[in-house]
Amino acid sequence: MSSVLPGDAELRKKLGVFIEDDLLARALTHRSYAYEHGGIPHNERLEFLGDAVLGEAVTVHLFGTFPDLDEGALAKRRASLVSTTALAAVARQIGLGEHLRLGRGEDQTGGRNKDSILADTTEAVIGATYLSSGRDVAADLVLRLIAPLLADPDRSGAVVDPKTSLQELAARLGLTPPSYDVVATGPHHSRQFTATVSVGEHSKTGIGTSKKQAEMAGALALWRDLSTGA
């Protein structure tokens, strides 16, 4: 496994935790890169571990923080915080996409901004933290990463269901309802979708491996723009 790159020092600073060099390098390595470099280890096993650590940390936090919520309400909140869309938003906050090791094809088709890749890598980094620094440090990292979503219910709602949140915001601002224009590119087995989301004169684009994912990414980006100016 290749060692961490010089630019990864910035990522370490943002994470604020100790991660062994080899584990960090593996956490950032997508399978497309691994296959192009002789089948070196990639991040999917760490992603599996990180998913479990993430789920436990969020569950314990919600259980202790909201004693009056029933099981259904807790499950709904947990699902929103561990969703692919939420984890991708977390990854963008720390610039995780810049540090990914991607195969050439994946890189050229916007892999650094794909929700699925960003979310999976976030989980892999959590898994690498668990192995390097233990359960408590990994759980603390999880809570720090999702803190903005916990502190801002509107933002959390937009991350989970950006299309509905954008529609509601447009109505509050007296703007036309959102419209979506989706274009598919690439071969059938590796299709990429780009959605242009428009509200009045405002528009943003989103990229995803499905039409729905691209629309959600574009809606979230536009919701952020409009809510900042609201």
Side-chain angles (χ1 to χ4, degrees), residues 14-17 19 27 43-94 96 114-172 178 206 208-210 212-224 226-228 230:
K14 290 178 180 178
L15 293 172
V17 295
I19 304 177
N43 63 11
E44 290 182 1
R45 280 179 56 84
L46 288 175
E47 172 199 338
F48 174 79
L49 174 61
D51 176 67
V53 175
L54 169 72
E56 180 186 42
V58 171
T59 299
V60 171
H61 176 78
L62 292 176
F63 185 85
T65 304
F66 301 102
D68 296 329
L69 292 184
D70 61 21
E71 179 186 4
L74 288 172
K76 185 176 180 179
R77 291 203 181 202
R78 179 178 60 192
S80 71
L81 293 168
V82 303
S83 68
T84 296
T85 307
L87 293 179
V90 165
R92 292 187 180 99
Q93 290 171 11
I94 59 175
L96 190 58
K114 287 182 181 177
D115 279 11
S116 57
I117 292 178
L118 290 172
D120 291 347
T121 306
T122 300
E123 290 179 335
V125 168
I126 293 168
T129 302
Y130 177 92
L131 293 177
S132 298
S133 297
R135 177 179 180 179
D136 291 344
V137 173
D140 179 68
L141 173 63
V142 168
L143 297 182
R144 284 192 287 110
L145 289 176
I146 66 171
L149 300 178
L150 288 168
D152 188 346
D154 287 340
R155 184 179 182 188
S156 180
V159 166
V160 176
D161 189 357
K163 295 180 71 173
T164 299
S165 293
L166 178 61
Q167 184 173 345
E168 293 173 347
L169 178 58
R172 288 201 303 271
T209 55
S210 68
K212 179 180 178 181
Q213 192 178 84
E215 288 180 342
M216 290 178 65
L220 181 59
L222 187 52
W223 179 88
R224 285 172 174 154
L226 293 177
S227 61
T228 299

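- Nearest heavy-atom pair, Ala128 versus Ile19, reported as atom, atom and distance to 0.1 Å: CB-CG2, 3.7 Å.
- Interatomic distance, CG of Leu141 versus CG of Asp136, reported as 12.5 Å (0.5 Å rounding).
- Ala91 is linked by a side-chain contact (heavy atoms from CB on, under 4.5 Å) to Leu96, Leu118, Thr122, counting only residues two or more places apart in sequence or in another chain.
- Atoms CG and CZ, from Asp120 and Phe48 in turn, are 13.5 Å apart once rounded to the nearest 0.5 Å.
- Other residues, nucleotides and ligands place more than 12 heavy atoms under 6.0 Å from the CD atom of Glu44.
- Taking Lys76 as the reference, nothing meets the side-chain contact (heavy atoms from CB on, under 4.5 Å) condition, with sequence neighbours excluded.
- Taking all atoms of both residues into account, the shortest heavy-atom contact from Gly206 to Ala217 is CA-CB, 3.9 Å.
- Arg78 contributes atom CZ, which lies 13.5 Å from atom NE2 of His61 (distance to the nearest 0.5 angstrom).
- By the salt bridge (charged side-chain N to carboxylate O under 4.0 Å, His left out) test, Glu123 is found to be paired with no residue, residues two or more places apart in sequence or in another chain being considered.
- Atom CZ of Arg135 has 12 or fewer heavy atoms from other residues, nucleotides or ligands within 6.0 Å.
- The two atoms that bring Leu62 and Leu74 nearest to each other are O-CD2, 3.7 Å, heavy atoms only.
- In Lys212, the NZ atom is not crowded: 12 or fewer heavy atoms of neighbouring residues, nucleotides or ligands sit closer than 6.0 Å.
- Considering every non-hydrogen atom in both Leu15 and Val125, the closest pair reads CD1-CG1, 3.8 Å.
- Nearest heavy atoms, Lys14 versus Arg144: O-NH1, 4.3 Å.
- Nearest approach of Thr121 to Ala27, heavy atoms of both residues: CG2-O, 3.5 Å.
- Using modelled atom types, one side-chain atom of Gln213 and one backbone atom of Thr209 make a donor-acceptor pair closer than 3.5 Å.
- We find the CD-CH2 distance between Gln167 and Trp223 to be 15.0 Å, quoted to the nearest 0.5 Å.
- Note that the CG atom of Leu226 and the OG atom of Ser165 stand 12.0 Å from one another [nearest 0.5 Å].
- Between the side chain of Ser227 and the backbone N or O of Arg224, at least one donor-acceptor pair lies under 3.5 Å.
- Using a 4.5 Å cut-off on side-chain heavy atoms (C-beta onward), Val17 and Asp140 make no contact.
- The number of heavy atoms from other shown groups lying within 6.0 Å of CZ (Phe63) does not exceed 12.
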